[in-house]
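In listed order, ligands and their atoms are each counted from 1. In what follows, every heavy atom counts, from backbone to side chain, and hydrogens, waters and symmetry copies are set aside.
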Amino acid sequence: MTSLDTMPIAEPFELPCGLKISNRIVKAAMEESLGTGDNQPNEYIYRLYDRWAKGSYGLLLTGNVQVDERYPGLMTDLMISSKEKTDIEKWKRYADVSQSHGTPTIVQINHAGRQSPMGKRPFRQPPIAPSPIPMSMGDSFIARTLQRIVMPKPKEMTVAQIEDVVRRFADTAEIMAKAGFAGVEIHGSHGYLVSSFLSPKSNKRTDDYGATPKDRMKFLFQIIDAIRAVVPRTFAVGIKLNSSDFSAGGLTEDEAKDQFQWIDEHGGIDFIEISGGTYESPAMAGTEYIPRSERTRKREAYFLEFAAKVRNTTTIPLIVTGGFRTRKGMNDAVRSNACDFVGIARPTCLQFNLPEILLDKTLADEHARAIQYEIRGTQLFNLIPINAVGSGVTTLWHNWQMHRVAIDNCEPDPRYNVILNEIDALTTISHARVQTEVQLKKNVELTFCLREMLT
Ligand SMILES: Cc1cc2nc3c(=O)[nH]c(=O)nc-3n(C[C@H](O)[C@H](O)[C@H](O)COP(=O)(O)O)c2cc1C
């Protein structure tokens with residue numbers, strides 16, 4: 001049977017909260033890096049999401065929105081400082097634009113934890129984490145030096161700080177419900193705060209937030225319960241989780257499987273999105289970090305085998321994200337019943353209407369696929385002996401594509417060369433040309449890092 005005979009990715013689906021989703025193609029979360037001075041939604045965000053809104057996705061997941069402006073992943077993330085200081089009208093407009101063509105939009109909410117290099121906090125104040133264990137950027141001298149500067153040892157969180165973060169997740173979810181979004185997704189993967197509580201490598205606590213593998217779930221359960229207490233029953237609450245950390249001493253697949261079962265038993269979750277890796281070992285970017293079997297390679301998606309293994313341990317709907325590029329691969333994944341949805345991130349920065357191509361029955365399978373592209377100028381960066389530099393450059397390149405659309409009002413350009421673009425950015429700083437607020441902030445971040453390195 002070819003995937004044209006049946007098209008599982010074209011089928012509708014209903015989440016446990018009652019949210020109706022018209023097809024199985026999900027635009028996965030990608031931080032847009034478009035936050036300006038107040039880090040609230042702005043014209044750039046609206047223009048970007050207007051494009052995805054028209055793209056016939058079943059569901060849109062936004063880039064991560066930080067629940068605490070002191071500990072973001074990037075200074076250009078969208079952030080919530082407090083319920084009182086939030087301009088709800090800006091979030092309402094974001095919800096309106098992204099859902100203007102009927103596609104529900106779910107906001108990913110996050111706290112970067114030990115992976116927060118800087119934020120709206122006093123200069124040199126370290127980030128916070130379950131235990132005082134810094135993120136490793138690699139074993140080379142350069143990596144260790146940079147780590148001390150950019151990702152210093154975090155401070156172990158007190159119980160009061162844990163409770164404060166739980167409240168912030170709930171406040172942020174409440175704001176998103178009031179703004180009119182269809183739900184929130186707790187970012188529980190990639191080594192950020194929630195993920196670092198779930199991992200035995202970064203959570204060495206001896207209290208009931210970490211003494212046993214199940215205790216490591218307590219922080220997440222408190223967040224789920226706090227959110228559920230303040231949002232309507234029809235509001236979707238999902239979570240993105242690691243199938244494994246892909247690093248020595250980190251979360252294993254067996255432990256992750258237990259976590260899926262415990263979440264199922266706990267309740268309150270409408271979907272789980274499966275990913276993997278951290279910035280120590282960025283498996284989510286599909287690099288050499290994942291020991292992939294021949295079968296997985298054929299199935300193209302990185303975490304599909306794990307999804308098939310956990311499928312019977314939970315009744316919660318599953319999204320698998322990472323590596324999906326062809327309609328055949330996506331249809332086969334849903335048809336095999338390993339997952340209910342396929343998440344796609346990077347290609348959607350170049351093809352905002354990708355689902356229209358994938359769902360076009362007049363196209364043969366070999367043409368119903370995402371654009372194939374090679375990012376020019378990355379070879380040099382791959383030689384730098386620092387974890388995540390290669391995947392970081394790839395992320396940056398996709399951010400530039402989003403910025404072409406959002407800031408410059410142009411079409412994406414797959415021919416962009418990483419090195420030439422960096423040189424251009426640096427000359428922009430030195431010539432002090434008129435810059436957008438976003439570019440200015442990015443340049444300030446770069447200058448800050450350089451200054452830190454020199455002092
Ligand atoms: C520019 C960029 C930003 C990203 N930001 C996020 C994010 O905010 N939250 C998240 O969970 N994953 C983020 N990711 C990871 C993607 O959601 C996804 O897991 C990964 O790219 C693999 O999917 P793909 O192969 O379809 O690109 C980001 C990826 C890229 C390229």
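Counted by atom type alone, Ser82 and Asp171 present zero donor-acceptor pairs between their side chains at under 3.5 Å. Residues Gln115 and Tyr71 have side chains that never bring a donor and an acceptor to within less than 3.5 angstrom of each other.
In this structure, the protein non-hydrogen atom closest to atom 23 (O) of ligand 1 is Gly322 CA, 3.4 Å. Remark: minimum distance from atom 25 (O) of ligand 1 to any protein heavy atom is reached at Arg346 NH2, 2.7 Å. Here the heavy atom of the protein found nearest to atom 26 (O) of ligand 1 is Ala345 N, 2.8 Å. In terms of protein heavy atoms, atom 5 (N) of ligand 1 is closest to Glu31 N, 2.8 Å.
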For this session: Please test Val65 against Met79 for side-chain contact (heavy atoms from CB on, under 4.5 Å), starting from the C-alpha separation and ending with a verdict.
Result: CA-CA 5 Å; Val65 170; Met79 307 178 196; 6.0 Å; no
For this session: Please step through ring pair (Phe, Tyr, Trp, His ring centres under 6.0 Å) for the pair Phe341 and Phe271, ending with a clear verdict.
Result: CA-CA 10 Å; Phe341 297 94; Phe271 66 87; 7.7 Å; no
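Within the 4.0 Å heavy-atom criterion, neither part of Gln401 lies near ligand 1.
Of all atoms in ligand 1, numbered sequentially from 1 with element shown, those under 4.0 Å from a heavy atom of Ile344 are 26 (O). The ligand atoms of ligand 1 that sit less than 4.0 angstrom from a heavy atom of Met30 are 2 (C), 3 (C), 4 (C), 5 (N), 6 (C), 8 (O), 28 (C), 29 (C), 30 (C). Near Thr321, the atoms of ligand 1 lying under 4.0 angstrom from a non-hydrogen atom of the residue are 18 (C), 19 (O), 23 (O). Remark: ligand 1 atoms within the under-4.0 Å shell around heavy atoms of Met284 are 20 (C), 22 (C).
Geometrically, Lys27 does not engage Tyr57 in a cation-pi contact, judged by NZ or CZ lying under 6.0 Å from the ring centre and within 45° of the ring axis. Judged by a 6.0 Å distance limit and a 45° cone about the ring axis, Arg51 is positioned over the six-membered ring of Phe352.
Salt bridge present: Arg70 and Asp164 bring a charged side-chain N and a carboxylate O closer than 4.0 Å. A salt bridge links Arg327 and Asp365; the closest N-O separation between the charged side-chain nitrogens and carboxylate oxygens is under 4.0 Å.
One option in Asn399, Asn64, Leu74 has a heavy atom closer to atom 8 (O) of ligand 1 than any other, and that option is Asn64. With distances taken over non-hydrogen atoms, the option nearest atom 9 (N) of ligand 1 out of Glu185, Gln108, Lys240 is Gln108. Proximity annotation for atom 15 (C) of ligand 1: of Ala29, Gly73, Cys349, Ala29 comes nearest, heavy atoms only.
Residue Gly343 has no nitrogen or oxygen atom sitting less than 3.5 Å from a nitrogen or oxygen atom of ligand 1, judged on distance alone. At a 3.5 angstrom cut-off on N or O pairs, Thr395 does not count as close to ligand 1.
In the displayed structure, Glu366 atom CD is contacted under 6.0 Å by more than 12 heavy atoms of other residues, nucleotides or ligands.
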